[in-house]
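Let me begin by presenting the structure, written as structure tokens, before commenting on it.
First listed ligand is number 1; within each ligand, the first listed atom is number 1. These numbers come from the heavy atoms of this one structure, side chains and all, not from hydrogens, waters or symmetry mates. It should be emphasised that the depicted structure is a prediction, and the values quoted were computed from it without experimental measurement.
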Amino acid sequence: MSTQQTVLLVGGTGRTGGRVLQQLLGRGISVRAIVRSRGKLPSDVVGNPNLTVIEAILLSLRDEELQQHLYGCDAVISCLGHVLSLKGIYGSPRDLVTRAAARLCRGVEALQPPTPVKFILMSSVSVNRPGGLDTRRGAFERIFLWVLRGLLPPAKDNQRAANFLLEKVGPNNTFVQWVAVRPDTLLQGDVSEYTPHEGLVNSLFAPGSTNMANVAHFMCELVTNPETWAVWKGKLPVVVNVSSKSA
Ligand SMILES: NC(=O)c1ccc[n+]([C@@H]2O[C@H](COP(=O)([O-])OP(=O)(O)OC[C@H]3O[C@@H](n4cnc5c(N)ncnc54)[C@H](OP(=O)(O)O)[C@@H]3O)[C@@H](O)[C@H]2O)c1
């Protein structure tokens with residue numbers, strides 16, 4: 001019996017998603033990537049025998065088609081993000097990240113896998129942990145974020161996606177377990193020393209930094225290392241570079 005893991009990845013043509021794709025393949029993991037355009041994939045992954053590319057609009061796939069792609073996957077990673085243009089920020093779908101998370105999780109649930117599938121979401125430090133647990137967020141910053149979510153659909157979308165996992169999928173789901181990874185300001189650069197934290201490390205007004213390669217590395221660890229998964233499942237870890245200055 002094969003022990004090779006299989007991951008379904010969405011957002012693999014993005015800055016972070018492309019790095020996740022490269023690192024998953026580098027670890028010998030089999031990847032199914034749903035992308036809008038295969039031409040935007042990192043050039044070094046093209047032709048990799050462990051990569052299956054599905055050229056499709058994720059939110060337009062029929063339920064049965066999506067379930068076919070999800071069937072047999074050990075993990076699902078979403079690195080989707082709104083394109084930084086007027087159309088990407090204010091155009092449709094404003095709830096891209098939330099709808100994608102909901103479709104993917106509901107698709108897994110419909111398949112009723114024998115062991116829970118890991119769902120890993122690329123989130124953001126603008127996303128709150130519930131219950132005021134992010135104690136570093138002062139009153140002024142909370143008001144600022146509240147206004148930001150009213151003005152910028154992607155900010156609202158990222159919070160709603162995390163809320164979906166917290167409230168609708170929940171901590172004891174039989175079929176889906178999840179982690180929402182919250183990086184600070186994204187930087188280029190190689191994998192370096194980084195630390196996942198339970199709560200916020202920096203303020204939005206004095207941000208830290210996170211190499212996209214480190215986000216990818218942490219996501220790969222979540223997929224492959226059961227101990228890492230056991231520590232972080234059902235949580236919203238904040239991932240920051242060790243070299244990043246604390247506020
Ligand atoms: N910028 C930061 O400092 C920062 C910090 C923390 C968290 N984040 C969050 O991290 C996430 C990813 O960031 P990133 O910079 O890696 O993203 P990115 O490079 O902009 O990539 C976005 C990905 O989403 C896909 N996408 C966009 N709209 C889509 C749609 N309507 N349907 C299907 N796919 C769609 C893109 O596909 P195409 O290639 O086809 O366009 C691309 O693969 C974002 O949600 C962002 O909020 C950002």
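Contact annotation for Asn158 and ligand 1: only side-chain heavy atoms (C-beta onward) come within less than 4.0 Å of the ligand. In Thr210, neither the side chain nor the backbone holds a heavy atom less than 4.0 Å from any atom of ligand 1.
Within ligand 1, counting atoms from 1 as listed, the ones closer than 4.0 Å to a heavy atom of Thr16 are 14 (P), 16 (O). Those atoms of ligand 1 with a heavy atom of Asp184 less than 4.0 angstrom away are 5 (C), 6 (C). Close approach of ligand 1 to Ser124 (heavy-atom distance below 4.0 Å) involves ligand atoms 7 (C). Taking every non-hydrogen atom of Thr185 and a distance limit under 4.0 Å, the qualifying atoms of ligand 1 come out as 3 (O). Listed by number with element, the atoms of ligand 1 under 4.0 angstrom from any heavy atom of Lys40 are 38 (P), 39 (O), 40 (O), 41 (O).
In this structure, Leu58 falls outside the shell of residues with a heavy atom less than 4.0 angstrom from ligand 1. In this structure, Val125 does not count as a contact residue of ligand 1, since none of its heavy atoms falls inside 4.0 Å of the ligand. Using a 4.0 Å heavy-atom cutoff, Leu80 is listed among the residues neighbouring ligand 1. At least one heavy atom of Pro93 lies less than 4.0 angstrom from ligand 1. Judged by the shortest distance from any of its heavy atoms, Ser123 lies inside the 4.0 Å radius around the atoms of ligand 1. The closest approach between a heavy atom of Ile57 and any atom of ligand 1 is not below 4.0 Å.
Closest protein heavy atom to atom 37 (O) of ligand 1: Thr13 OG1, 3.3 Å. If you check which protein heavy atom lies closest to atom 33 (C) of ligand 1, you get Arg36 CD, 3.7 Å.
Between atom CD of residue Gln177 and atom CH2 of residue Trp229 there is a gap of 6.5 Å, rounded to the nearest 0.5 Å. In this structure, CG on Asp95 lies 5.5 Å from CZ on Arg160, to the nearest 0.5 angstrom. Annotation: the span from Cys105 atom SG to Asn173 atom CG amounts to 8.0 Å, rounded to 0.5 Å. Note that CZ of Phe119 is 11.5 Å distant from CD of Glu109, once rounded to the nearest 0.5 Å.
Here atom 22 (C) of ligand 1 lies nearest to Gly81 when heavy atoms of Pro154, Gly81, Ser60, Pro207 are compared.
Ion pairing of Asp157 with Arg149 is absent here, as no side-chain N (NZ or NE/NH1/NH2) approaches a carboxylate O to less than 4.0 Å.
Across every non-hydrogen atom of Ala100 and Leu80, the tightest pair is CB-CD1, 3.4 Å. Between Ala213 and Gln23, the closest heavy-atom pair is O-NE2, 3.0 Å. Closest heavy-atom contact between Asn48 and Asn50: OD1-N, 2.8 Å.
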Evaluate Asn163 against Gln159 for side-chain hydrogen bond (donor to acceptor under 3.5 Å, both in side chains), listing each step before the verdict.
CA-CA 6 Å; Asn163 291 349; Gln159 183 66 54; 3.0 Å; yes
I would like to know whether Ser192 and Asn214 meet side-chain hydrogen bond (donor to acceptor under 3.5 Å, both in side chains); could you show each step before the answer?
CA-CA 7 Å; Ser192 61; Asn214 290 341; 3.0 Å; yes
